[in-house]
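Quick notes on the structure that follows.
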Amino acid sequence: MRIATFNINGIKARLPRLLEWLDETRPDVACLQEIKTSDETFPIKDIEGAGYGAIWHGQKGFNGVAILARGDMPVEVRRGLEGEPEDEHSRYLEADVKGVRVASIYLPNGNPQPGPKFDYKLRSMERLRRRAAEIWADEVPAVLAGDYNVIPRDVDTFSVKAMADDALMQPESRAAYRRMLNDGWTDAIVSRHPAGGVWTFWDYQANSWPRDAGFRIDHLLLSPAAADRLIDAQVDKDFRGREKASDHAPTWVELRPA
DNA sequence: ATGACGTCCCTGGGACGA
């Protein structure tokens with residue numbers, strides 16, 4: 001089964017691209033981020049028309065996450081991360097889908113750093129880590145998929161120099177991500193492409209896509225029971241080059257049937 | 001470099017993103 005994550009940067013502006021991607025690649029599960037729409041305006045009819053059941057956690061204007069399941073209905077486990085009751089950003093949704101625990105995650109960008117947005121980013125990463133530990137304790141096959149807004153290693157960006165002052169690449173951001181790996185989670189793309197050079201994001205600006213100036217910030221972290229079943233992990237890179245594309249490309253894992 | 005580019009909001013420009 002294939003589980004994908006895709007920061008679509010506005011589900012309304014991107015709807016033709018999303019439906020096209022679902023039709024062409026037929027992921028079993030699709031975790032979406034930055035749907036940028038309220039719960040009331042989520043285009044569920046179009047999603048259902050493509051053959052997917054869905055749950056979503058929307059927010060007017062920005063953020064927002066969803067989980068889609070082909071020919072199935074995700075069973076919601078949790079929406080939002082604990083630890084900050086006053087946090088109203090829609091950035092986390094978790095469900096059981098086709099025998100796998102799946103989370104759709106949109107961690108904060110954190111720029112500019114230093115500053116309150118960067119502090120919020122780091123706190124959010126620690127809140128995610130705490131939830132991940134609870135999922136780990138359940139010993140279920142789990143895939144924590146989403147836009148982590150972290151460039152984990154120097155080989156995960158076209159230019160270390162260009163990104164040096166960015167929140168995505170600060171030592172604190174990397175340390176927070178590495179703590180989850182140290183907890184035992186497997187970075188699926190790294191396990192299949194250890195040498196790096198795999199990008200999931202290309203900025204709209206500065207001619208980034210034509211000159212392949214991208215970096216890797218969309219990640220799928222696997223629990224041991226999921227990592228044991230890992231067959232492949234890849235990026236649907238060509239979708240970044242299409243008309244009215246998102247600035248992210250879909251990223252996915254293929255798991256052996258249980 | 002208060003830049004670029006794009007989406008959202010609700011109207012001409014601000015908020016936000018990476």
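Remember, it's a predicted structure, so these values are computed and weren't measured experimentally. Each chain gets a letter, A, B and so on, in the order the sequences are listed, and its residues count up from 1.
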[atom1] of [X] versus [atom2] of [N]: gap in Å, rounded?
{"X": "A/Asp203", "N": "B/dT7", "atom1": "CG", "atom2": "P", "value": "13 Å"}
{"X": "A/Arg14", "N": "B/dC5", "atom1": "CZ", "atom2": "C1'", "value": "12 Å"}
{"X": "A/Lys36", "N": "B/dC5", "atom1": "NZ", "atom2": "P", "value": "16 Å"}
{"X": "A/Leu107", "N": "B/dG17", "atom1": "CG", "atom2": "P", "value": "13 Å"}
{"X": "A/Ile35", "N": "B/dT7", "atom1": "CD1", "atom2": "P", "value": "16 Å"}
{"X": "A/Asn63", "N": "B/dG17", "atom1": "CG", "atom2": "P", "value": "7 Å"}
{"X": "A/His248", "N": "B/dC5", "atom1": "NE2", "atom2": "P", "value": "18 Å"}
{"X": "A/Arg211", "N": "B/dA4", "atom1": "CZ", "atom2": "C1'", "value": "11 Å"}

Original post:
Counting only heavy atoms not in A/Glu243, do more than 12 sit closer than 6.0 Å to its CD atom?
Top reply: no
Would you mind checking if [Y] and [X] are paired as a salt bridge, meaning a charged N to carboxylate O distance below 4.0 Å?
{"X": "A/Asp236", "Y": "A/Arg242", "value": "no"}
{"X": "A/Arg2", "Y": "A/Asp28", "value": "no"}
{"X": "A/Asp154", "Y": "A/Arg174", "value": "yes"}
{"X": "A/Asp87", "Y": "A/Arg123", "value": "no"}

Could you work out which one of [options] sits closest to the side chain of [X]?
{"X": "A/Lys117", "options": "B/dA18, B/dG17, B/dC8", "result": "B/dG17"}
{"X": "A/Gln205", "options": "B/dA18, B/dT7, B/dA4", "result": "B/dA4"}
{"X": "A/Ala13", "options": "B/dC8, B/dC9, B/dA18", "result": "B/dC8"}
{"X": "A/Lys12", "options": "B/dC16, B/dC9, B/dA18", "result": "B/dC9"}
{"X": "A/Lys60", "options": "B/dC10, B/dT7, B/dG17", "result": "B/dC10"}

Looking at every strand, decide which applies to [X] at a 4.0 Å heavy-atom threshold: base, sugar-phosphate, or nothing.
{"X": "A/Asp165", "answer": "nothing"}
{"X": "A/Arg91", "answer": "sugar-phosphate"}
{"X": "A/Asn207", "answer": "nothing"}

Pairwise [atom1] distance for [N] and [M], with rounding to whole Å:
{"N": "B/dT2", "M": "B/dT7", "atom1": "P", "value": "25 Å"}
{"N": "B/dG13", "M": "B/dA1", "atom1": "P", "value": "27 Å"}
{"N": "B/dC8", "M": "B/dA18", "atom1": "P", "value": "14 Å"}

Please check the phosphate of [N] (OP1 and OP2 only) for any side-chain N or O of [X] closer than 4.0 Å.
{"X": "A/Asn9", "N": "B/dG6", "answer": "no"}
{"X": "A/Lys121", "N": "B/dA18", "answer": "no"}
{"X": "A/Asn7", "N": "B/dA18", "answer": "yes"}
{"X": "A/Tyr106", "N": "B/dA18", "answer": "yes"}

Original post:
Do A/Val150 and A/Asp156 touch side chain to side chain, with heavy atoms closer than 4.5 Å?
Top reply: no
